[in-house]
There are 2 protein chains.
Amino acid sequence: MNVVSVVDILSGHVSKNTEITIQGWIRTRRDSKANISFLDLYDGSCINSLQIIACDKLHNYKNEILRLTSGCSVIIVGIIVKSIGIKQHIEVIAKNIKILGWIEDPSTYPITAKKHTMEYLREVSHLRPRTNIIGAVARIRDTLSQSIHNFLHKQGFIWIPTPIITACDTEGSSKMFCVSTSETQQILNNPNKKLHHTHDAYDFFSKKAFLTVSGQLNAEAYACALSRVYTFGPTFRAEYSNTNRHLAEFWMIEPEAAFMTLDDIIILAESLLKNIIRILLEKRSDDIKYLADKINKNIITILENFSEIKFNHIEYTEAIKLLEICNRKFNNPIHWGTDLFSEHEKYLSEEYFKSPVIIKNSPKNIKAFYMRLNDDNKTVASMDILVPGIGEIIGGSQREERLSKLDQRLQENCLKQENYWWYRDLRRYGTVPHSGFGLGFERLMIYVTGIKNIRDVIPFPRTSKNINF
Amino acid sequence: MNVVSVVDILSGHVSKNTEITIQGWIRTRRDSKANISFLDLYDGSCINSLQIIACDKLHNYKNEILRLTSGCSVIIVGIIVKSIGIKQHIEVIAKNIKILGWIEDPSTYPITAKKHTMEYLREVSHLRPRTNIIGAVARIRDTLSQSIHNFLHKQGFIWIPTPIITACDTEGSSKMFCVSTSETQQILNNPNKKLHHTHDAYDFFSKKAFLTVSGQLNAEAYACALSRVYTFGPTFRAEYSNTNRHLAEFWMIEPEAAFMTLDDIIILAESLLKNIIRILLEKRSDDIKYLADKINKNIITILENFSEIKFNHIEYTEAIKLLEICNRKFNNPIHWGTDLFSEHEKYLSEEYFKSPVIIKNSPKNIKAFYMRLNDDNKTVASMDILVPGIGEIIGGSQREERLSKLDQRLQENCLKQENYWWYRDLRRYGTVPHSGFGLGFERLMIYVTGIKNIRDVIPFPRTSKNINF
């Protein structure tokens, strides 16, 4: 039984006139008057479906083939032939079609062949990978993730799994999820039950436990021993904000490198983005073309130009000047010392530069405690990469490797030294200049797919009140 | 500035007599009477360190070089030369040595060059990657993870990120962590504060939220659309058990494939294990040799034989017979219908077969509801792979694709159909035979490294009361 996939056949990896077995699902059925049916079969291996010719000589033609509807699963034995149709160059003439699974009630099948809105598809997140669009997204995500691993390995980075459950608040953020064992939950469900003592809350871990917002601090410990490491894992924000660009659970890639400066990681980040987008165009051109057709016709040009495009490097101070003199009315006032809002990012990357922008050396007051203090004592060695249409896609910095300066920054941020005892140790013992950045994987996905809502580029999105699958 | 890594030099990728810059940390310093010091430098790029020759012509020889201790960070400019020593074939003659970071108080530096116990090293998890042993573990983990990605991609599997926060209890287990927002935690910290209503407990997601124990059910939704998918992500168990083999947070690889039967995934699992172990031996032989020397001298033979070894396939019913007639006194009684304990697994894989064992078709009562019911109505199409020294390393099954049987199994397990509405949909609409398995990544790590305690093969282990880094 020579089992092959749709992409094997359509890419010409299997010779014509070969008998093959192919398994998948029906996309559409079209019957001609000549007692022949044309079945479009997909199996997820590529965006294109395979045309199957089923004629009435098949023993189950009348009682089964003519009842096939979108979504039915089949196993087909047939011969690969050159197609005489204009839509495809290859097709399969079926010798046997076995139906594996019917659609319970075709009139209520949620994924019909017609176009559905993205909002509707989110309500059937378990079935939406059966659509062309979500299938394309899944393959693109896979290719991107694999090329990120490959790129970083070629640069000598090794993957480390930093902890998901943590006692440490990297960003000094209040938007963290708490983790406890079910006993706690049971107490909550029964508020009349008295807690024996407050430590019940800390149950399993004997102290407050959170879901990580970043693996960076832990990654630094490994970079200060193995030189080049990266994380690739889920991170969390208990953000109630209901936007197109925020998820409560999303994946981040965080390279961290000893002996690298701010400028070194800017070069690394830029070449990472250019490399993976070039590979994406090579490997998933069919999927990208499909998205260009259905979602955003500019996406191919954007991606093709990306590897040649100039990233504009700009100091935070310069960026503020540009925003102050631009005669644009912003909803949020901007002046030196304030953080950029989405509208400012959009102006810079979409209107002023019309290309990616790297903003360097932001004021220390709007940045995390671990960023390296510059000599002006006002700014830190930070960098944020903004891309048109998305805003921030990468944020990074050179880390403060000097213990006295780190302690000063902890104090300024009202953070206790003893909570960062092990992080301080990295500076007490053989400290080195080191830098790193975080790449939001789903932000990258919306950039390369042209899909507007971040909920549509992750299989089962998690946002406030949204945990149905 | 021709910056290279230790592995670049030792592997001969940089020609002799080249001037290079190298950055790293001092492992040891040895001074000869001839006013020459020998520095061993590591940078994490490989297990071996590089010998640096520093002579008293260096301007800072007396006041700095002679004060260097284990852990100091340096940047060295020097010339690569053939070594006249017997321990190394290549060394670097330093022209300049700049000290980047000293050790605050060398007498209290936790990572001295002497041997430390693994228990002690766990207390300094942030510094232990600086040891040879944990460095080797990190590189091995990286190579294994990358070769798992590569192997599965070659087989047409695509990576999907299944959700970490979930409302769904895949294994019907009570050992799940709960997730809530900080407000809940604040209420817990102040037990006198009354909850307004019980739904406060569900805060962010409007329903009970847990940390996933497996991405399988979600992966099935994608396999039933894209044919071959896998997860590679963290999973969680709120296990209080304090053993060498359990973590509260660990990584799993879960391939899930449409149209695959139990036998198909057994073949897949076996060839995955053999493939990645072969690649590990090729790529990380130095690290494996180091571990063989320090931890378990048999490990090289075990791994070298692995690709040739016969996996013994055995029915659960046969396994029980072997255990019943073996005249061994087990602490836990065993008979048909009971789950195997560690002692039984050990007997089968370590004593009886002396090789990996695959136990197939276990009783439905000891297995999860989603496993495919066999025709005997008593067993399910399950498989567990046991390896000597570890026990279960892989667990998998063919999934129940027939809706009526699935509903029967849900009922038998006292699980509510409505909680599995979307999982049932996969059977209502174009159902297909499909199968998958879960590979515990840290279990695999203890197998290939010979390290006894699972806490030593993950950077920052999470167990009960253990969340210090």
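Chain naming here is simple, since letters A, B, ... match the order of the sequence lines and numbering starts at 1 in each.
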**Item:** Stepwise side chain to side chain contact (heavy atoms under 4.5 Å, CB included) check, Gln146(B) with Asn150(A)
**Value:** CA-CA 9 Å; Gln146(B) 187 70 353; Asn150(A) 290 341; 2.9 Å; yes
Below 4.5 Å, heavy-atom pairs only: which of [options] has the largest tally toward chain B?
{"options": "Pro129(A), Ser464(A), Ala248(A)", "result": "Pro129(A)"}
{"options": "Trp421(A), Tyr42(A), Phe232(A)", "result": "Trp421(A)"}
{"options": "Glu249(A), Arg228(A), Glu220(A)", "result": "Glu249(A)"}
{"options": "Gly156(A), Ala138(A), Ser125(A), Pro161(A)", "result": "Pro161(A)"}
{"options": "His149(A), Glu401(A), Lys465(A), Arg128(A)", "result": "Lys465(A)"}

**Prompt:** What do the steps show when you test Arg139(B) against Leu226(A) for side chain to side chain contact (heavy atoms under 4.5 Å, CB included), and what is the final call?
**Reply:** CA-CA 9 Å; Arg139(B) 286 181 296 271; Leu226(A) 301 168; 3.9 Å; yes
**Prompt:** Residues in side chain to side chain contact (heavy atoms under 4.5 Å, CB included) with Thr143(B), at least two apart?
**Reply:**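 Expected list: Leu280(B), Lys283(B), Arg284(B).
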**Request:** Quick one: list whatever passes side chain to side chain contact (heavy atoms under 4.5 Å, CB included) with Ser5(B), sequence neighbours left out.
**Result:**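 Val7(B), Asp8(B), Asp43(B), Ser45(B).
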**Request:** Describe, in one word, how the ring planes of Trp251(A) and Trp159(B) are oriented to each other, choosing from parallel (under 30°), tilted (30 to 60°) and perpendicular (over 60°).
**Result:**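 Trp251(A) vs Trp159(B) ring planes: perpendicular.
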**Message:** Can you classify the ring geometry of Phe460(B) versus Tyr222(A) as parallel (below 30°), tilted (30 to 60°) or perpendicular (above 60°)?
**Reply:**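 Phe460(B) and Tyr222(A): perpendicular rings.
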Contact class of [X] relative to chain B, heavy atoms under 4.5 angstrom:
{"X": "Pro433(A)", "answer": "side chain"}
{"X": "Ile134(A)", "answer": "side chain"}
{"X": "Ser227(A)", "answer": "both"}
{"X": "Trp25(A)", "answer": "side chain"}
{"X": "Ile99(A)", "answer": "neither"}
{"X": "Gln23(A)", "answer": "both"}

With a 4.5 angstrom heavy-atom cut-off, which part of [X] approaches chain A: side chain, backbone, both or neither?
{"X": "Ile75(B)", "answer": "neither"}
{"X": "Ala223(B)", "answer": "backbone"}
{"X": "Leu426(B)", "answer": "both"}
{"X": "Pro234(B)", "answer": "side chain"}
{"X": "Arg427(B)", "answer": "neither"}
{"X": "Thr463(B)", "answer": "backbone"}
{"X": "Thr21(B)", "answer": "neither"}
{"X": "Pro461(B)", "answer": "neither"}
{"X": "Leu211(B)", "answer": "side chain"}

**Item:** Trace of the side chain to side chain contact (heavy atoms under 4.5 Å, CB included) decision for Ile165(A) with Phe177(B)
**Value:** CA-CA 10 Å; Ile165(A) 304 176; Phe177(B) 287 105; 4.2 Å; yes
[atom1] of [X] to [atom2] of [Y]: how many Å apart, nearest 0.5 Å?
{"X": "Leu100(B)", "Y": "Thr431(A)", "atom1": "CG", "atom2": "OG1", "value": "8.5 Å"}
{"X": "Thr212(A)", "Y": "Ile164(B)", "atom1": "OG1", "atom2": "CD1", "value": "12.0 Å"}
{"X": "Ile160(A)", "Y": "Ser145(B)", "atom1": "CD1", "atom2": "OG", "value": "11.0 Å"}

Mind ranking [options] by heavy-atom pairs under 4.5 Å with chain A and telling me who comes out on top?
{"options": "Gly233(B), Pro110(B), Cys72(B)", "result": "Pro110(B)"}
{"options": "Val124(B), Asn468(B), Thr162(B), Ile458(B)", "result": "Asn468(B)"}
{"options": "Gly24(B), Ser73(B), Gly71(B)", "result": "Ser73(B)"}

[Y] side chain reached by [X] side chain, heavy atoms, under 4.5 Å:
{"X": "Thr166(B)", "Y": "Arg462(A)", "answer": "yes"}
{"X": "Met176(B)", "Y": "Thr181(A)", "answer": "no"}
{"X": "His153(B)", "Y": "Asp142(A)", "answer": "yes"}

**Request:** Under the side chain to side chain contact (heavy atoms under 4.5 Å, CB included) rule, what do Tyr429(B) and Leu127(A) come out as? Steps first, then yes or no, please.
**Result:** CA-CA 9 Å; Tyr429(B) 303 128; Leu127(A) 301 175; 4.0 Å; yes
**Prompt:** Does the side chain of Asn218(A) come under 3.5 Å of the side chain of His126(B) through a donor N or O and an acceptor N or O?
**Reply:**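 Their side chains do not contain a donor-acceptor pair, so the 3.5 Å distance test is not met.
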